[in-house]
Number of protein chains: 2
Amino acid sequence: MEAAEKVFAEAGFGGATMQLIADMAGLPKANLHYYFATKEELYRKVVARIFEIWLHAADTFDNAPGPVEGIGAYIDAKMDISRRHPFGSKVWASEVMHGAPVIQDYLETTLREWTAGRIAAIQRWIDEGRLAPVDPRHLLYMIWATTQHYADFGHQIETLNDGKPLSEKQWKAAKDSVKEIILRGIGADATPV
Amino acid sequence: MEAAEKVFAEAGFGGATMQLIADMAGLPKANLHYYFATKEELYRKVVARIFEIWLHAADTFDNAPGPVEGIGAYIDAKMDISRRHPFGSKVWASEVMHGAPVIQDYLETTLREWTAGRIAAIQRWIDEGRLAPVDPRHLLYMIWATTQHYADFGHQIETLNDGKPLSEKQWKAAKDSVKEIILRGIGADATPV
DNA sequence: TCGTTTTCTGACCGTATGGTCAGGGTTGAC
DNA sequence: GTCAACCCTGACCATACGGTCAGAAAACGA
């Protein structure tokens with residue numbers, strides 16, 4: 001599964017070959033087919049696993065006393081996922097970019113509900129005057145886009161960092177920068193209770 | 001070229017076939033090979049074309065009197081590109097996600113220089129007290145990520161918009177939201193001259 | 001120990017793909 | 001009208017891929 005995640009991320013669904021995945025996992029191709037009947041089935045399971053992790057990051061959102069903690073923790077969580085699961089993030093991005101042929105049902109059910117719930121929560125904070133009156137939907141998109149950018153475009157970022165991966169310190173700086181700009185951008189830091 | 005851009009965007013490099021591109025362009029496959037010797041050559045030209053458009057959007061940055069106009073116009077330009085060239089954006093994203101095997105040299109030369117220049121410009125504004133002291137690099141990443149998200153993840157956004165593409169009005173709202181949050185996030189709107 | 005179920009594997013197959021090529025059209029200069 | 005340069009195309013390869021299968025190992029239960 002991990003081998004598959006990596007290969008799918010690096011080569012895309014079309015570019016990935018069962019042989020390559022099998023080699024990377026140290027298995028004969030036929031044995032891989034024993035566990036996963038088809039390439040698509042394997043791919044679907046890889047994507048589903050990522051979606052789970054991704055949804056799980058939202059827990060922080062719910063148990064927060066206010067927008068600064070909630071959104072701040074959510075950004076932290078998503079940045080951590082980008083760092084720890086860059087391959088998964090890429091597979092997800094690839095899948096959505098190609099029109100989500102495999103996980104369209106997830107988008108229409110789970111993701112749609114999840115999004116509606118979070119938008120409502122943000123709107124509540126706005127109504128309470130704890131956030132500037134921004135459009136919650138676009139705020140969410142911005143958080144998704146920015147945090148996932150550090151995984152999906154990690155190669156570009158690395159190149160612009162003199163070819164070296166971000167250090168521990170740089171990751172922290174990135175997290176803080178993202179949080180700072182977004183939280184100030186929605187007027188959240190200006191109202192520390 | 002347009003057909004290729006679309007096919008590469010929808011299927012990825014590996015998933016795209018010369019036959020498909022040829023069909024979409026209304027050409028026999030052999031004729032396509034007459035103009036583009038190999039699939040990779042065609043792909044390289046598609047990517048290069050996008051990169052040009054992408055760099056061109058930066059012009060707005062330079063001729064601006066201040067950060068609000070400069071960054072605001074840059075965001076506008078990038079949002080417009082996402083809307084008008086969604087396929088190109090996807091191809092670019094795909095290329096970078098797969099480690100930029102084809103355009104690594106661009107990243108190391110043109111993009112690196114371009115980025116350094118913009119970072120310097122932003123830093124100048126910060127030094128002049130016209131912007132909050134944010135990290136210019138991460139600000140740039142946020143702008144790239146967010147604006148391109150509307151192209152690359154357009155399918156997801158569409159799904160979350162009841163399956164309908166964003167209307168003229170919604171695009172304007174998106175642009176305004178992005179600008180509002182980012183500009184406020186960097187303390188730019190608070191200093192209207 | 002023996003039979004049965006599960007796990008594994010090398011060899012194989014049909015298909016689709018990137019790319020080639022010989023030759024037929026078309027155009028335009030003189 | 002002729003010739004050369006360029007443009008176009010159907011038919012054709014070699015390869016690589018996803019997937020199959022017969023049967024060998026291994027694991028397990030009694």
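Lettering follows sequence order; numbering is per chain, from 1.
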Examine the base of dG19(C) for any acceptor or donor lying under 3.5 Å from a partner atom in the side chain of K39(B), and report the outcome as yes or no.
-> no
Distance in angstrom units between [X] [atom1] and [N] [atom2], rounded:
{"X": "L32(A)", "N": "dC17(D)", "atom1": "CG", "atom2": "C1'", "result": "14 Å"}
{"X": "H33(B)", "N": "dA11(D)", "atom1": "NE2", "atom2": "P", "result": "17 Å"}
{"X": "L42(A)", "N": "dG19(D)", "atom1": "CG", "atom2": "C1'", "result": "14 Å"}

SB check R84(A) D80(A) (cutoff 4.0 Å) = no
R124(B)/E128(B) ion pair, N-O < 4.0 Å = no
Give every donor-acceptor pair under 3.5 Å between a side-chain atom in residues 91-103 of chain A and any protein atom, sequence neighbours left out.
residue : atom : partner : partner atom : Å
E95(A)  : OE1  : Y43(A)  : OH           : 2.7
E95(A)  : OE2  : V102(A) : N            : 2.7
E95(A)  : OE2  : I103(A) : N            : 3.1
H98(A)  : ND1  : A9(B)   : O            : 3.3

Tracing side-chain links under 4.5 Å among I, L, V, M, F, W and Y, which residues wind up in one group with I81(B)?
->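 Members besides I81(B), by chain and number: I53(B).
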Name the closest nucleotide to the A30(A) side chain, picking from dG19(D), dT20(D), dG10(D).
-> dT20(D)
Closest non-hydrogen atom pair, S82(A) against W171(A) | C-CH2, 4.3 Å
Going by heavy atoms closer than 4.0 Å, what residues in residues 2-28 of chain B are next to DNA chain C?
->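 Within residues 2-28 of chain B, the residues near DNA chain C are A16(B), T17(B), M18(B).
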Kindly state each residue pair satisfying salt bridge (charged side-chain N to carboxylate O under 4.0 Å, His left out) with at least one member in residues 1-24 of chain B, sequence neighbours excluded.
-> E5(B)-R49(B)
Mind checking salt bridge (Lys or Arg N to Asp or Glu O under 4.0 Å) for R83(A) and listing every partner two or more places apart, or none if nothing turns up?
->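 R83(A): salt bridge (Lys or Arg N to Asp or Glu O under 4.0 Å) contacts with E168(A).
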Tabulated below should be each protein N or O lying under 3.5 Å from an N or O of nucleotides 4-7 of chain D; please produce it.
residue : atom : partner : partner atom : Å
dC7(D)  : OP2  : Y34(B)  : OH           : 2.6

When the ring planes of W144(A) and Y141(A) are compared, do they come out parallel, tilted or perpendicular, using 30° and 60° as the limits?
-> tilted
